[in-house]
Student: 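Just passing along the structure, written as C-alpha cells.
It should be emphasised that the depicted structure is a prediction, and the values quoted were computed from it without experimental measurement.
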There are 2 protein chains.
Amino acid sequence: MLISFEEAEIRSKIIKAMAHPVRLMMVEMLKTGEHSFSQIFDLFKLDKSTVSKHLLVLKESGIISSRKTGSDMIYRLDVPCITDFFSCVTAVIESNVKKQQVCLCR
Amino acid sequence: MLISFEEAEIRSKIIKAMAHPVRLMMVEMLKTGEHSFSQIFDLFKLDKSTVSKHLLVLKESGIISSRKTGSDMIYRLDVPCITDFFSCVTAVIESNVKKQQVCLCR
DNA sequence: CTCCTTGTTGGTAATTATGCCAACAAACCA
DNA sequence: TGGTTTGTTGGCATAATTACCAACAAGGAG
C-alpha cells in the first residue's frame with residue numbers, strides 16, 4: 001500500500017530538482033516553449049556556470065532535455081504535466097492564506 | 001507572464017518540504033487518513049526527534065496540521081491534491097524509463 | 001507527588017547544495 | 001589560423017539540510 005523507501009528516494013530526487021526558485025522559474029519559462037541557454041541566462045543575475053548547473057540538475061532528473069543547434073544550446077520541457085505539479089502548490093499557498101499561516105512569510 | 005522570483009521562492013519552500021523520501025512517505029501515509037505520531041514513528045528506523053522535525057517541516061509549509069488528543073499528537077493531510085503532485089512525478093519517472101535514462105539509478 | 005510515556009527543542013557533526021571564479025571545449029568569424 | 005562567442009566543468013567557500021544525542025515540557029498513571 002505505502003511506497004517503499006527506495007521508491008520514495010527516486011521520487012524525492014525529481015521533486016528536489018524542482019525545489020529551487022531559479023529552477024522553478026526555468027521550468028515556468030520552458031512551459032512556454034523551447035528556449036536557448038542565453039535566453040534563460042538573461043532571466044537571472046547569476047553566473048553562467050551557475051545557470052548551466054541548474055539546467056543540468058533539471059536535465060539529470062528527466063524534467064528537461066537539451067540539443068545543440070549551431071552554437072546555441074536549446075532546452076525544452078519534457079514533461080508537460082509539470083503544470084499539475086504547480087496547481088497543487090498553488091492550492092497549498094491558498095490554503096495557507098485561509099489559515100492565515102505566516103510561516104512562509106518570515 | 002512568468003512568475004517573479006519572490007513567488008518562485010514561496011513555491012519552492014512548499015516543494016522543498018516534499019523533497020525528502022521520509023517526508024514523502026509520511027504524506028503517503030497521511031493520504032490514507034489521520035495518524036498519530038507513534039504510528040508515523042513506527043514506519044521508520046529514525047530517532048523520534050528526527051521524525052518530529054520532519055513533521056514540523058511539513059507542518060510549517062502548510063501541507064499537514066496536527067492536534068493533540070489525550071497524550072497523542074494526531075497529524076492530518078491538509079491538501080488532498082497532493083495526489084496530483086505525485087502523478088506528475090510518476091509521469092517523469094515513466095518518461096525516464098522510456099528514455100532509458102540511468103541518472104536516477106546511480 | 002513521583003514516575004513514566006509522549007513528543008519537542010537545543011546542540012552538534014556530517015553531508016549536500018549553492019554560487020562564484022578560473023579554466024576549458026566547441027563552434028563561429030575574420 | 002587566430003580570436004571571439006557560447007556553454008560546460010573543476011575547485012573552492014559558504015550556507016542549508018539531515019540525523020543523532022541529550023535535555024526538556026506536558027500529560028497520564030500509580
Student: Do you reckon A/Val79 sits in the same ILVMFWY cluster as A/Leu56, going by side-chain contacts under 4.5 Å, direct or chained?
Tutor: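 No, it is not one cluster - the side chains of A/Val79 and A/Leu56 are not joined through contacts under 4.5 Å.
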
Student: Is there any side chain to side chain donor-acceptor pair (under 3.5 Å) pair reaching into residues 2-11 of chain A, and which pairs are they, with sequence neighbours excluded?
Tutor: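 Those involving residues 2-11 of chain A are A/Glu7-A/Arg11, A/Arg11-B/Glu28.
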
Student: Take B/Phe37 and A/His54, find for each the nucleotide of DNA chain C with the closest heavy atom, and name the residue whose nucleotide sits nearer the 5' end.
Tutor: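 Nearest nucleotide further toward 5': that of B/Phe37.
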
Student: Please collect all salt bridge (Lys or Arg N to Asp or Glu O under 4.0 Å) contacts where either partner lies in residues 63-73 of chain B, sequence neighbours excluded, each pair once.
Tutor: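 For residues 63-73 of chain B: B/Glu34-B/Arg67.
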
Student: Name all residues meeting the side-chain contact (heavy atoms from CB on, under 4.5 Å) criterion together with A/Ser38; count only those two or more places apart in sequence or in a different chain, and write none if there are none.
Tutor: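 A/Ser38: side-chain contact (heavy atoms from CB on, under 4.5 Å) contacts with A/Ser36.
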
Student: Expected output is a numbered-order residue list: members of residues 40-52 of chain B with a heavy atom under 4.0 Å from any atom of DNA chain D. What is it?
Tutor: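 Correct list: B/Leu46, B/Asp47, B/Ser49, B/Thr50.
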
Student: Using atom CG of B/Leu58 as one end and atom P of C/dG7 as the other, report the distance to the nearest whole Å.
Tutor: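 Distance, rounded to whole Å: 16 Å.
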
Student: Calculate the interatomic distance between A/Glu9 atom CD and C/dT16 atom P; express it in whole Å.
Tutor: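 To the nearest whole Å, that distance equals 11 Å.
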
Student: Looking at residues 66-74 of chain B, who's got a heavy atom less than 4.0 Å off DNA chain C?
Tutor: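 Heavy-atom cutoff 4.0 Å gives B/Ser71, B/Asp72, B/Met73.
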
Student: Please tabulate, for the side chains in residues 16-23 of chain A, all donor-acceptor contacts under 3.5 angstrom to protein atoms that are two or more places apart in sequence or on a different chain.
Tutor:
unit_1, atom_1, unit_2, atom_2, d
A/His20, ND1, A/Val22, N, 3.0
A/Arg23, NE, A/Ala17, O, 2.7
A/Arg23, NH1, A/His54, ND1, 3.0
A/Arg23, NH2, A/Lys16, O, 3.3

Student: Can you give me the first and the last nucleotide of DNA chain D (5' to 3') that has an atom within less than 4.0 angstrom of a non-hydrogen atom in chain A?
Tutor: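 The protein-touched segment is D/dT6 to D/dG11.
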
Student: Under the rule for side-chain contact (heavy atoms from CB on, under 4.5 Å), what residues qualify as partners of A/Asp47, not counting sequence neighbours?
Tutor: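 Per chain and number, A/Asp47 pairs via side-chain contact (heavy atoms from CB on, under 4.5 Å) with A/Ser49, A/Thr50.
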
Student: Tell me the ring pair (Phe, Tyr, Trp, His ring centres under 6.0 Å) pairs involving residues 61-84 of chain B, sequence neighbours left out?
Tutor: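 Sorted pair list comes back empty.
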
Student: Closest nucleotide of DNA chain D for A/Ser38 versus for B/Ala19: which of these residues is on the 5' side?
Tutor: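 Counting from the 5' end, the first nearest nucleotide belongs to A/Ser38.
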
Student: Applying side-chain contact (heavy atoms from CB on, under 4.5 Å), can you list everything that pairs with A/Phe41, at least two apart in sequence or on another chain?
Tutor: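 Applying side-chain contact (heavy atoms from CB on, under 4.5 Å) to A/Phe41 gives A/Phe37, A/Lys48, A/Val51.
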
Student: Check the distance between C/dG19's P and A/Leu55's CG and give it to me in whole angstrom.
Tutor: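 After rounding, the gap between these two atoms is 12 Å.
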
Student: Using every non-hydrogen atom in the two residues, find where A/Ser61 and B/Val92 come nearest and quote the distance to one decimal.
Tutor: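 Residues A/Ser61 and B/Val92, closest heavy atoms: O-CG1, 3.6 Å.
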
Student: What pairs with A/Ser71 under side-chain contact (heavy atoms from CB on, under 4.5 Å), at least two apart in sequence or on another chain?
Tutor: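 A/Ser71: no side-chain contact (heavy atoms from CB on, under 4.5 Å) contacts found.
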
Student: Taking only residues two or more places apart in sequence, or in another chain, which ones meet A/Thr90 in a side-chain hydrogen bond (donor to acceptor under 3.5 Å, both in side chains)?
Tutor: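 With neighbours one apart ignored, the set is empty.
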
